[in-house]
Amino acid sequence: MASYNVLGMCGSLRAKSFNRSALLAAGELMPAGMTLSIADYADVPLYNQDLQNQGIPESVSRLVQAVAASDAVLIASPEYNFSVSGVLKNAIDWLSRVPAPPFKDKPVAILSATMGPLGGARSQYDLRKILGSQDALVLVKPEIFIGVAQTKFDADGKLTDETTRKLLTDQLVAFQRWIGRVALK
Ligand SMILES: Cc1cc2nc3c(=O)[nH]c(=O)nc-3n(C[C@H](O)[C@H](O)[C@H](O)COP(=O)(O)O)c2cc1C
């Protein structure tokens, strides 16, 4: 069986982020043949073309390398004001400005966790549109919207909600199949 190294990207920088906790849960629930490492890109600066013209910042180059070296990317992001978090959008903007944008043809799966009841559904459709601009290959279903996240993780950040654990497991199985289907040989 092929093995896939998946890069996790969290759209929240908060230490106790529910989305980061969801990524950690995904790392545990992944089927055999998949492994997860989570990107640390908190030091990526705000995009500024003047900065880009001075040379791609080292923090951005590190993220470019991490995405390029991965077989697939799993994005977990909160919804901010009905859309994608600025943290995540900023990172994608930088990744789109390098000579070989690394999201091109990259299998991607997305999920979102919010304290509101809709679980970030509105933001996911914006994220799909943004990733489309990068020619990323985004898994369609199952969709995962973790609403009222404060009731689904314990104080240590463990995902305790059984329904969500099952859904996440199903998404990861579908993602593994998706990567196998779309990965460039
Ligand atoms: C700037 C900002 C905007 C937010 N907008 C939304 C929103 O549109 N919908 C929603 O469900 N929650 C919204 N929230 C609440 C987030 O769901 C909540 O803070 C969540 O815990 C963030 O994810 P995290 O735990 O991964 O940091 C917002 C929070 C912030 C800080």
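What you see below is based on every heavy atom in this structure, not just the backbone, and it leaves out hydrogens, waters and symmetry mates. Both ligands and their constituent atoms are indexed starting at 1 by order of listing.
In terms of heavy atoms, Val140 sits closest to Glu143 at O-CG, 3.5 Å. Here the closest heavy-atom approach between residue Ala91 and residue Tyr41 is recorded as CB-CE1, 3.5 Å.
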Note every protein N or O atom lying under 3.5 Å from an N or O atom of ligand 1, pairing the names and giving the distance.
residue	atom	partner	partner atom	Å
ligand 1	5 (N)	Glu79	O	3.3
ligand 1	5 (N)	Asn81	N	2.8
ligand 1	8 (O)	Glu79	OE2	3.3
ligand 1	8 (O)	Asn81	N	3.1
ligand 1	8 (O)	Phe82	N	2.8
ligand 1	9 (N)	Glu79	OE2	2.9
ligand 1	11 (O)	Thr114	OG1	3.3
ligand 1	17 (O)	Met115	N	3.0
ligand 1	23 (O)	Asn19	ND2	3.4
ligand 1	25 (O)	Arg14	NE	3.3
ligand 1	25 (O)	Arg14	NH2	2.7
ligand 1	25 (O)	Phe18	N	2.9
ligand 1	26 (O)	Ser17	OG	2.5
ligand 1	26 (O)	Phe18	N	3.3
ligand 1	26 (O)	Asn19	N	3.1
ligand 1	26 (O)	Asn19	ND2	2.7
ligand 1	27 (O)	Ser12	OG	2.7
ligand 1	27 (O)	Arg14	NE	2.9

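Without hydrogens or angle criteria, Asn19 side chain to Ser77 main chain gives a donor-acceptor distance under 3.5 Å.
The closest side-chain heavy-atom distance from Asn5 to Ser37 is not below 4.5 Å.
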Begin from the C-alpha positions of Ser12 and Arg20 and carry the test side-chain contact (heavy atoms from CB on, under 4.5 Å) through to its verdict. CA-CA 7 Å; Ser12 169; Arg20 184 170 306 277; over 6 Å; no
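A salt bridge links Asp43 with Arg62: the distance from a Lys NZ or Arg NE/NH1/NH2 to an Asp or Glu carboxylate oxygen falls below 4.0 Å.
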